[in-house]
Amino acid sequence: MRRLFALAALLAVSMPTTGLLAQSHRDPLNEDEVDQIREFADRPAERVKLYMKFIQQRIDAVRQMSTDPNVQNKPAKLRNLMEEFTRLADELQDNLDNYEDTHSDVRKPLKDLIAASEKWPEVLRTPPPDRSYDFSRKTALEAAESANQQATKLLEDQTKYFAEHKKGRRDDPPPPK
């Protein structure tokens with residue numbers, strides 16, 4: 001009887017956790033956004049801009065929801081938006097890692113990303129503290145800082161790389177005719 005009770009208690013404790021884990025790993029993009037990302041798979045600069053657009057939509061929603069007193073279930077919705085923000089920022093960083101490895105030129109959108117990502121933490125800190133989303137906010141703030149740092153470093157690296165690998169440098173031999 002004790003074993004049965006212990007097993008039932010273990011199941012009762014683990015079931016809510018399982019549901020939370022399943023919810024926390026869902027795709028932050030809707031079908032239309034996924035299609036847009038796929039469409040620009042071979043155009044890194046445009047893909048970075050898309051991720052920035054989707055992240056900015058979540059940031060704008062956090063800003064709007066923070067000031068709207070009529071939002072129902074606000075803590076849960078804010079937690080969801082912050083978790084989506086974090087997953088999108090992580091996906092953007094995965095793409096930036098790939099673009100760094102392949103030397104894809106994303107310098108122009110990186111400048112925009114750096115400027116935008118500097119503003120994200122202020123908006124993420126706007127909602128008042130709440131236990132239901134404080135952890136999600138903390139991870140979102142870490143993701144925002146990490147994205148900004150990565151974009152800054154990648155821009156520096158790419159600026160250096162492309163300066164060293166310009167076509168038609170004076171010390172390059174002329175192309176064959």
Side-chain angles (χ1 to χ4, degrees), residues 4-41 46-99 106 109-155:
L4 184 60
F5 180 73
L7 181 60
L10 181 62
L11 286 173
V13 170
S14 66
M15 288 175 86
T17 306
T18 305
L20 290 175
L21 288 175
Q23 288 177 354
S24 69
H25 294 297
R26 70 175 186 81
D27 193 343
L29 299 172
N30 61 41
E31 288 183 39
D32 182 50
E33 292 168 335
V34 169
D35 289 343
Q36 290 177 53
I37 290 292
R38 283 186 188 133
E39 183 179 334
F40 290 106
E46 287 83 3
R47 194 168 185 163
V48 171
K49 290 176 189 176
L50 268 179
Y51 273 107
M52 288 173 42
K53 173 185 161 187
F54 301 147
I55 289 170
Q56 190 60 47
Q57 289 171 345
R58 277 43 174 208
I59 287 291
D60 292 343
V62 168
R63 179 183 294 119
Q64 185 276 328
M65 195 174 295
S66 298
T67 59
D68 187 349
N70 300 321
V71 175
Q72 298 291 321
N73 201 11
K74 188 186 287 192
K77 290 178 180 178
L78 283 168
R79 182 186 64 238
N80 184 51
L81 285 169
M82 290 181 192
E83 289 173 356
E84 285 184 12
F85 170 90
T86 301
R87 287 191 300 272
L88 286 169
D90 289 347
E91 286 184 29
L92 172 61
Q93 289 181 295
D94 290 346
N95 278 268
L96 293 178
D97 285 339
N98 184 42
Y99 301 149
V106 290
L110 283 175
K111 292 175 186 176
D112 297 334
L113 175 58
I114 292 166
S117 63
E118 289 172 348
K119 298 173 186 173
W120 296 340
E122 178 183 340
V123 176
L124 292 168
R125 288 186 185 102
T126 302
D130 189 297
R131 287 182 33 210
S132 63
Y133 59 74
D134 283 345
F135 179 76
S136 297
R137 181 196 336 246
K138 180 180 181 251
T139 57
L141 287 166
E142 290 169 357
E145 181 180 338
S146 177
N148 180 270
Q149 290 173 352
Q150 183 180 11
T152 302
K153 182 178 181 324
L154 182 55
L155 179 60

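Values below: every heavy atom of this structure, side chains too, minus hydrogens, waters and symmetry copies.
Take Gln36 and apply the side chain to side chain donor-acceptor pair (under 3.5 Å) test, not counting sequence neighbours, and it matches Asp32. With sequence neighbours excluded, no residue forms a side chain to side chain donor-acceptor pair (under 3.5 Å) with Arg137. By the side chain to side chain donor-acceptor pair (under 3.5 Å) test, Gln64 is found to be paired with Asp68, residues two or more places apart in sequence or in another chain being considered.
Counting only heavy atoms from C-beta outward, the side chains of Gln149 and Glu145 approach each other to under 4.5 Å. In this structure, the side chains of Leu155 and Ile114 come closer than 4.5 Å at one or more pairs of heavy atoms. Val62 has its side chain within reach of Pro127: a pair of non-hydrogen atoms, C-beta onward, lies under 4.5 Å apart.
In this structure, Arg87 does not pair ionically with Glu91, as no charged nitrogen and carboxylate oxygen lie closer than 4.0 Å. Using a 4.0 Å cut-off between a side-chain N of Lys or Arg and a carboxylate O of Asp or Glu, Arg63 and Asp60 qualify as a salt bridge.
The structure places CG of Asn95 at 7.0 Å from CD1 of Ile37, a figure rounded to the nearest 0.5 Å. Taking CG from Leu141 and CE from Met82, the interatomic distance works out to 8.0 Å, rounded to the nearest 0.5 Å. How far CE of Met52 is from CG of Leu88: 13.0 Å, rounded to the nearest 0.5 Å. Atom OG1 in Thr86 sits 11.5 Å away from atom NZ in Lys138 (nearest 0.5 Å). A distance of 5.0 Å separates CZ of Phe85 from CG of Leu124, quoted to the nearest 0.5 Å. Rounding to the nearest 0.5 Å places CG of Asn30 at 7.5 Å from CZ of Phe54.
With hydrogens and angles left out, the side-chain atoms of Gln93 and Asp97 include no donor and acceptor closer than 3.5 Å.
In terms of heavy-atom proximity, Ala41 sits nearest to Arg47 at CA-NH1, 3.3 Å. Across all their heavy atoms, Lys74 and Ser66 have their closest contact at NZ-O, 3.8 Å.
Between the Ser117 side chain and the Leu113 main chain, a donor and an acceptor come within less than 3.5 Å of each other. With hydrogens and angles ignored, the 3.5 Å screen pairs a side-chain donor or acceptor of Thr126 with a backbone N or O of Val123.
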Please walk me through it: do Leu96 and Leu110 pass side-chain contact (heavy atoms from CB on, under 4.5 Å)? CA-CA 9 Å; Leu96 293 178; Leu110 283 175; 3.9 Å; yes
Might you work through the salt bridge (Lys or Arg N to Asp or Glu O under 4.0 Å) test for Asp35 and Arg38, ending with a clear yes or no? CA-CA 5 Å; Asp35 289 343; Arg38 283 186 188 133; 3.7 Å; yes
